[in-house]
Amino acid sequence: MLLTIELTKELFDYKFKQYEGTFFHANIDEYSDIIKYTITRDKEGKILMEFGSTHMKDNLIFIPQLDVYMDLEKLK
């Protein structure tokens, strides 16, 4: 499953202003708890800011740069 989410204060309570309005892109494999992601300045994912890998547990994805967990059920 490919996931693209705009990072806004309305969705997430995070304290790092530089991520406001950026996009989180992740490719979620149902057979793995490890998720590779990118954070970009554009929705298409071409203007890269950061990338990395994180984990999923109980339908929650952790974003280390924001220090938040995203609930996949609430985002659908």
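Quick caveat, the model's predicted, so the values are computed rather than measured. Quick note: numbers below take in every heavy atom, side chains included, and nothing from hydrogens, waters or symmetry partners.
Atom CD of Glu50 is separated from atom OG1 of Thr22 by 8.5 Å, given to the nearest 0.5 angstrom.
The closest side-chain heavy-atom distance from Thr8 to Glu20 is below 4.5 Å. Under the 4.5 Å side-chain criterion, counting only non-hydrogen atoms from C-beta, Leu7 is in contact with Leu66.
Thr40 is linked by a side chain to side chain donor-acceptor pair (under 3.5 Å) to His25, counting only residues two or more places apart in sequence or in another chain.
Minimum interatomic distance between Phe51 and Leu48 (heavy atoms only, all atoms of both residues): CD2-CD2, 4.0 Å. When all heavy atoms of Ala26 and Ile35 are compared, the closest pair comes out as CB-CG2, 3.7 Å.
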* Asked: Does the side chain to side chain contact (heavy atoms under 4.5 Å, CB included) test come out yes or no for Phe62 and Met70, once each step is laid out?
  -> CA-CA 6 Å; Phe62 181 67; Met70 288 192 297; over 6 Å; no

* To do: List the steps and the verdict of side chain to side chain contact (heavy atoms under 4.5 Å, CB included) for Thr54 and Ile34.
  => CA-CA 6 Å; Thr54 187; Ile34 298 171; over 6 Å; no

* Taking it one step at a time, do Tyr19 and Ile63 satisfy side chain to side chain contact (heavy atoms under 4.5 Å, CB included)? -> CA-CA 12 Å; Tyr19 294 103; Ile63 304 176; over 6 Å; no

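Linking Ile, Leu, Val, Met, Phe, Trp and Tyr whenever their side-chain heavy atoms come within less than 4.5 Å leaves Ile39 and Tyr69 in two separate clusters. Hydrophobic clustering of Ile, Leu, Val, Met, Phe, Trp and Tyr side chains at less than 4.5 Å, counting indirect connections, unites Ile61 with Met1.
Identified under the side chain to side chain donor-acceptor pair (under 3.5 Å) test for residues 27-38, with sequence neighbours left out: Tyr37-Gln65.
Judged by distance alone, the side chain of Asp58 and the main-chain N or O of Leu60 form no donor-acceptor pair under 3.5 Å.
Residue Phe23 belongs to no hydrophobic cluster, having no ILVMFWY side-chain heavy atom closer than 4.5 Å to its own.
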